[in-house]
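This report concerns only the one structure given below.
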Amino acid sequence: MQVIFIKLLFATGPSINTRLLVAVVLSFALLVIDHQSSRLNSLRAGLSFIVYPILFAVDLPSKFFSEISEAAVGYTALLSENKRLKEQQFISDSKLLKFAALEKENIRLRSLLDSSYKIGEQMLVAEILSVNSAPFDHVVLVNKGSRFGVHDKQPVFDTQGVVGQVIRTLPFSSEVMLITDPNHAIPVQVNRNGLRTIAVGSGQLNRLVLPFLPNNADIKPGDLLITSGLGGIFPQGYPVAIVNNFEIQPHKPFAMISATPKAALDRIREVLIVWSDSKSVPLNLPPASDQSKTEAPINADSLPSVTPKTSGTVSHAISSVASQSKAVEHKVDSTSELTEPSAELTPNATNESETSAINASEEAAAQSSLSNKRLLLQEGEVESQPIVDPNTKSETDLTEIAKARAMLRNKDQTQVEEDE
Amino acid sequence: MNSNYYGSFFYAITIVIAMGLKIMPLPVAFQLWNPDWVLLVLIYWVLVLPYKFGVFGSWLVGLLTDVLTGRLLGQYALIYALTTYICLKLYKRVRAFPLLQQGVFIFGCLLFAQILVFGIETFDNPSRFQWSFLLPVISGTLVWPFTGMILRVIRIHQRVG
């Protein structure tokens with residue numbers, strides 16, 4: 001007590017006005033820097049070590065209650081659930097069998113078109129922390145961060161469809177913006193006819209709006225919207241939403257269309273963070289000697305030799321979490337060895353990487369771009385001129401590309417690949 | 001000296017609890033009413049112990065709140081520092097105020113803070129002003145007497161300060 005009063009009597013140091021001035025100047029500096037760049041991410045990451053326990057503690061009660069309610073389920077209920085899940089597993093397994101064959105067929109058909117093919121995603125299960133950080137934003141926190149190799153602009157799914165994308169990562173957690181956030185837009189296409197548009201968040205958890213379709217657009221309630229792969233963040237072909245309302249506005253150029261997200265955004269507890277390689281896989285690679293194939297090709301002659309890679313990268317990242325503080329690069333050289341078996345990422349993530357998540361790397365794409373005529377359409381402008389790799393500039397190549405492009409146009413479902 | 005350390009630990013605990021309340025998940029209807037607990041607790045401590053709580057302390061708490069809520073770094077730091085400054089300038093008068101006048105003062109502080117929050121968030125990401133944005137100010141003013149009472153009881157019980 002004595003000490004305090006002496007301090008008070010002989011108060012030294014800067015006056016309160018000076019202190020305020022310093023604090024305000026510091027705050028403005030931080031605000032401007034944080035607004036302009038991501039240079040302060042290390043500071044934020046450092047401070048997040050202090051506040052993470054608070055997040056964890058706030059999340060505890062709901063976690064506790066959900067565990068309690070799980071534990072209180074009766075024996076018969078569990079038995080019936082188990083039976084149902086087994087049936088579901090059986091069905092999805094048999095669908096996957098078909099999927100492997102279809103994938104091969106797709107690769108083969110694309111190789112006939114001299115087109116490129118994109119394969120392989122790796123996934124990581126993350127749990128949503130039930131905290132509310134910003135009342136007006138649709139942003140959730142998940143419990144996996146940069147220590148698990150999570151990085152910005154990663155797509156996030158649940159088992160039903162697209163949930164959102166990672167907008168910021170901290171060491172132990174990352175922020176995921178939901179597709180229904182008013183500031184979020186996702187490029188989609190109608191699964192039925194390939195009509196492309198953009199779905200914008202509405203601010204309501206059960207509603208997306210499609211504001212850029214004309215009144216005569218071929219879209220109707222019940223249509224499934226899937227990701228179109230344009231934009232480069234979301235991989236192509238994942239379900240996003242189902243159109244539920246189509247209203248013609250005769251006095252306006254655009255129709256009023258809304259859709260319901262497939263993902264149960266208001267109920268999900270667990271999400272999948274996805275690593276998708278934004279590079280398309282070049283086809284007709286000369287078979288390299290040191291590369292093994294994960295699956296036996298259906299027809300060895302006509303099949304392109306894609307560079308397959310088992311997904312040892314993410315599991316590697318997780319195994320080294322304890323030792324490394326930095327995010328582990330999830331893209332590994334294509335020429336590196338294919339030794340590591342696809343291990344389970346987390347205890348509750350069972351089916352993630354064992355389905356031969358094939359990852360093509362940048363080097364392979366760059367190497368083969370010389371020998372391959374890849375058809376690449378610029379993102380957002382589907383009908384524009386195809387972008388050709390700077391390396392393939394000869395006229396013969398260009399004509400061949402134009403030919404391939406014409407062939408692609410003839411097909412109903414033009415699959416568009418994007419490249420940076 | 002020992003009690004001093006105990007005291008600092010004690011303030012930290014109250015502020016941590018306030019931070020937890022600030023990010024507490026609530027039903028949507030209540031969500032809009034959730035007051036800025038951290039600011040309420042900070043105002044209380046600044047008014048009661050102005051020689052221990054200064055502008056810089058609030059600034060640091062604000063910085064942690066920024067990280068916690070995922071806002072721009074410096075947003076709550078600036079707001080808490082400014083509010084603390086106002087409280088430090090006026091604490092002698094406010095202590096002598098009757099409850100109603102104190103409520104008016106708290107309302108003013110919270111309103112000032114909330115308007116700044118809106119201003120900085122608009123700067124980051126332009127949005128339309130909604131009146132529901134000011135609901136936490138009203139609820140904060142309403143819970144102030146109880147917050148103050150609880151903190152006072154705890155403070156006297158623990159003989160902090």
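Protein chains get the first letters and strands the later ones, always in sequence-line order, with residue 1 at the start of each.
For Glu121(B), no part sits under 4.5 Å from any heavy atom of chain A, backbone or side chain. Neither the backbone nor the side chain of Asn34(B) comes within contact range of chain A, judged by heavy atoms closer than 4.5 Å. There is no contact between Ile17(B) and chain A, counting heavy-atom distances below 4.5 Å. When heavy atoms are compared at a cutoff of 4.5 Å, Tyr52(A) does not approach chain B at all. Using a 4.5 Å cut-off between heavy atoms, Ala23(A) contacts chain B through both its backbone and its side chain. Only the side chain of Asn183(A) comes within contact range of chain B, with at least one heavy atom under 4.5 Å from a heavy atom of that chain. Contacts of Arg168(A) with chain B are made by side-chain atoms alone, with heavy-atom separations under 4.5 Å and no backbone atom involved. Both the backbone and the side chain of Ile16(A) come within contact range of chain B, with heavy atoms under 4.5 Å apart.
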Go through the steps for Val22(A) and Phe56(B) under the test side chain to side chain contact (heavy atoms under 4.5 Å, CB included), then give the verdict.
CA-CA 9 Å; Val22(A) 172; Phe56(B) 281 138; 3.9 Å; yes
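Of the residues considered (Leu170(A), Leu20(A), Asn17(A)), Leu20(A) shows the highest number of contacts with chain B, using heavy-atom pairs under 4.5 Å. For chain B, the option among Leu55(A), Val51(A), Ile167(A) with the highest count of heavy-atom pairs below 4.5 Å is Val51(A). When Leu31(A), Val58(A), Leu30(A), Ile33(A) are compared by the number of non-hydrogen pairs under 4.5 Å with chain B, Leu31(A) comes out ahead.
Using modelled atom types, no side-chain atom of Asp34(A) and backbone atom of Leu72(B) make a donor-acceptor pair closer than 3.5 Å.
A 6.0 Å sphere centred on CZ of Phe112(B) holds more than 12 heavy atoms belonging to other residues, nucleotides or ligands.
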